[in-house]
2 protein chains.
Amino acid sequence: MLSVTFSNKQQWEKRLSTIREVADMAGVSVATVSRTLQQPDRVSPKTRVRVQEAIDHLGYKPNLMAVKFRSGKTQVLVALVPTVANVFFARVIKGMQEAAASQGYSLLLMNTMGDDDIERNCAKLVDTSQADGVIQLRAFNPFATDQFQSEALLPMVNACEIVDGARFPTVTLDNRAAAKAMTEHLISLGHRRIAMVKGPQSSPLTRDRLAGYEDALKAAGLSIDDSLLCAGDFTLSSGYRAATTLLDLPERPTAIFCENDEMAMGAMRKVRETGLCIPEDISIAGFDNIAFSAYAEPPLTTIAQPAEEFGETAVNLLIDVLNGKTKHAIKVILPFEVITRQSTGPAPDNANR
Amino acid sequence: MLSVTFSNKQQWEKRLSTIREVADMAGVSVATVSRTLQQPDRVSPKTRVRVQEAIDHLGYKPNLMAVKFRSGKTQVLVALVPTVANVFFARVIKGMQEAAASQGYSLLLMNTMGDDDIERNCAKLVDTSQADGVIQLRAFNPFATDQFQSEALLPMVNACEIVDGARFPTVTLDNRAAAKAMTEHLISLGHRRIAMVKGPQSSPLTRDRLAGYEDALKAAGLSIDDSLLCAGDFTLSSGYRAATTLLDLPERPTAIFCENDEMAMGAMRKVRETGLCIPEDISIAGFDNIAFSAYAEPPLTTIAQPAEEFGETAVNLLIDVLNGKTKHAIKVILPFEVITRQSTGPAPDNANR
DNA sequence: TACTCAAATGTAATCCGTTACATTTTTACA
DNA sequence: TGTAAAAATGTAACGGATTACATTTGAGTA
């Protein structure tokens, strides 16, 4: 690590002028200055000009910290994101950020790594008047107490992975139906041995997607083989590992449905390394439709989720809650779409018994 | 968009108790309460207990907005990120977030889309006492005025893509040397027609990487062929488009060096669609070493950048500046590494003239 | 010119902790 | 027991903007 230094005299001594200095310079009271800024029509034109000149001259900028302190509104929303460095969440963040900005709110982004304590701590920002509300992207209520498990004690909305029976607004999609649709797609291609690479044990997402997978198998009269269920954690490497296990099975699956695209791409890597072809020998499907999926080899069949819309909707709901517009625990369900690409194809002949 | 509602009585009437209420209940002065919280040893044990009981009973939480307002320190850092939904930046954000949190700062994340005006507006957060400093991930000084172009008028550091001749701390890597190293790698494999897919025209990153590419070609006595230089914008699709152009050339390149991994993956997709093999027919190299690169088909040769460290270093530098520790415009240069994988290989025989 | 009413402006309280300084209580030792 | 010093606690100013309420200015009218 090299380092070069320049000489520099950074003496920004934070000499911000106050409303009082403006008032003095303009020869008016602070109230008049404030009014000039807030309700110009309540100030006579001559005075207005004089005040404006003083403001320009001093380069006065109102101390918004003081404003927020006095008003009790921070115009800040906290986003609890399990992993910022995750492609899907990055899109959700984008949606949140834009929606917040367009309504004059700032987004305080927290990379919580899915840790309960960290999230509880972040939620305290609201307790301590540093933020107006919380957006939680994980199925955990950071405000939960012994008495109130599914109820938010402070303004909060929950998006993407939601808490069961939540008593606060939520935004999600029907993961069960989506997983069922994808599994049906695979079944329709003749697959009978369909593996699933799951997400973290504790995640409701995993439970719902698994349920959808089972729904489809049952509906098709297929049995559920536990050896085809593999644990993962939504990372590329866990997909790779899961595929390693699955390909080693005495009777290997002809299709692998991964609960997200990263794991699917990890699995694809392993499959190709083994010398098998996708989809001729084995089909692979993912979930999320991240940008890379369309460029994978072969392009990945997956479920598209409106990620940005998740963020946008969550922010709008939260602001509604803050403004007292949303009084109920609304549950918004966004649509999904099965995106069929080349990573899924007809089951190999010898697999049709 | 379905929506279901639950009945709910969310009446969090924001009735936060104040230090004065605690003082009254404990029968002490506000100063004593404050001391109980700040310097417990300056309060007698009995009083301390009494105050603590009052605090617990009332559920008192200090209004940190008031604290920040009075102290003039917000403990908030603003991060100006061109695209949050970018794999590389997501890693940088992770680094910033963790470093900030560990020092008691919050990160206000701004998705600026590389827009000068948006960035200038965000920088105003510091002007208006809503944040203590700014971290800029793009080569643009949001505080620039006619007189001060390369000098920050308020606390700021610049990371990743840095402003030329900046008079504020910067964190970067030697993009020119890195691009030269990668180009040399390709030359050493026998490649003579090496294309480059550039980033946005205006980006210093592009200029430096291009310079490194030219350095290597010149050093090897190779001429620079403008038809092998292709514009891109760091997205998957622009890589795809660039490859389309390059493969259509009468004498097509035997290697394509992309200025980031996303474009490289876009290019790879196009190459494979054309029926060519990587690296037998054409080698592909990227820049950034995002997680997906190792799982690409074939795994991508690229330049590893310590993304998280960029964020971490930037935050630490900024906090130093805020504490008056760093008085100079330090320039930190982080190391890079050429990661050789299977997307680059010997140039095809018929290409060696 | 006197008087009314509206418009313009000013005064001062308020938001909630922190902390310098003042005052009271306790401790310790002669 | 007296007194100095230390410990504990209290008082009140402060930070910057907003705003209810009070006061002044000015216009309009009889």
Side-chain angles (χ1 to χ4, degrees), chain A residues 13-55 58-76 124-132, chain B residues 13-52 54-55 58-75 124-132:
Chain A
E13 60 252 6
K14 196 101 180 187
R15 195 65 277 294
L16 301 180
S17 42
T18 71
I19 198 170
R20 252 162 277 265
E21 298 178 89
V22 175
D24 289 348
M25 169 165 277
V28 298
S29 72
V30 293
T32 303
V33 177
S34 180
R35 277 188 288 254
T36 304
L37 263 32
Q38 308 300 325
Q39 322 148 45
D41 43 314
R42 298 193 45 62
V43 176
S44 77
K46 307 152 232 156
T47 317
R48 213 184 300 163
V49 171
R50 204 141 35 87
V51 171
Q52 194 55 55
E53 281 172 358
I55 287 175
L58 291 168
Y60 167 73
K61 303 268 173 58
N63 178 337
L64 291 191
M65 208 66 189
V67 175
K68 289 175 173 182
F69 161 55
R70 183 170 206 291
S71 70
K73 300 281 173 200
T74 64
Q75 299 291 108
V76 170
K124 282 189 193 145
L125 290 168
V126 182
D127 274 342
T128 55
S129 307
Q130 296 181 88
D132 292 346
Chain B
E13 60 252 5
K14 197 99 177 187
R15 193 65 275 292
L16 301 181
S17 42
T18 73
I19 198 171
R20 257 163 267 266
E21 297 178 85
V22 175
D24 289 347
M25 169 166 279
V28 298
S29 72
V30 292
T32 302
V33 177
S34 180
R35 277 188 289 254
T36 304
L37 262 32
Q38 308 301 324
Q39 321 147 44
D41 43 313
R42 297 192 42 61
V43 176
S44 76
K46 307 151 235 157
T47 316
R48 211 185 301 161
V49 171
R50 203 141 38 88
V51 171
Q52 194 55 56
I55 288 175
L58 292 168
Y60 168 72
K61 302 269 173 57
N63 177 337
L64 292 191
M65 208 64 187
V67 175
K68 290 175 172 183
F69 160 56
R70 184 166 206 291
S71 71
K73 301 282 172 197
T74 64
Q75 298 291 107
K124 281 190 193 145
L125 290 168
V126 182
D127 273 343
T128 54
S129 307
Q130 296 181 89
D132 294 343

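Scope of the values below: all heavy atoms of this structure, side chains included, with no hydrogens, waters or symmetry mates. Chain identifiers are assigned alphabetically (A, B, ...) following the order of the sequence lines, protein sequences preceding nucleic acid strands; residue numbering begins at 1 within each chain.
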Contact under 4.0 Å: A:S34 side-chain N or O vs D:dT18 OP1/OP2: yes
Side chain to side chain, A:D24 and A:E21, heavy atoms closer than 4.5 Å: no
Base D:dA17 paired with A:R20 side chain (donor-acceptor, <3.5 Å): yes
Shortest non-hydrogen contact from A:L58 toward A:M25: CG-SD, 3.9 Å
Spacing of B:R35 atom CZ relative to D:dG10 atom P, expressed in whole Å: 8 Å
Interatomic distance where CG belongs to B:D24 and P belongs to D:dT11 [whole Å]: 11 Å
Polar side-chain contact B:R70-D:dG16 base: donor and acceptor under 3.5 Å: no
Note, B:D132 side chain near B:K73 side chain (heavy atom, < 4.5 Å): yes
Whole-Å gap separating P (C:dT26) and CZ (B:R42): 17 Å
First of B:V30 and A:N63 reached from the 5' end of DNA chain D, by closest nucleotide: B:V30
Below 4.0 Å: OP1/OP2 of D:dT9 and any side-chain N or O of B:S44: yes
Distance, rounded to the nearest Å, where A:Q39 contributes CD and D:dT18 contributes P: 10 Å
Rounded distance in Å - NZ (B:K61) to P (C:dG17): 13 Å
Distance test, side-chain N/O of B:T18 to OP1/OP2 of C:dC16, below 4.0 Å: no
Protein-nucleotide distance (A:I55, atom CD1; D:dA17, atom P), rounded to Å: 10 Å
Side-chain N,O (B:Q38) to OP1/OP2 (C:dT19) below 4.0 Å: no
Interatomic distance where CD1 belongs to B:I19 and P belongs to C:dT14 [whole Å]: 18 Å
Per-pair stack call B:F69 and D:dG15, 5.5 Å, 30°: yes
Rounded distance in Å - CG (A:L64) to P (D:dT18): 9 Å
Residue A:T32, side-chain atoms from C-beta onward, closest of D:dG10, C:dT9, D:dA17: C:dT9
Option among B:L37, B:V49, B:T36, B:V28 that satisfies the side-chain contact (heavy atoms from CB on, under 4.5 Å) test with B:V43: B:T36
Side chain of A:T47 (C-beta onward), nearest among C:dG17, D:dG16, C:dA8: C:dA8
B:R35 side chain near B:T32 side chain, heavy-atom distance below 4.5 Å: yes
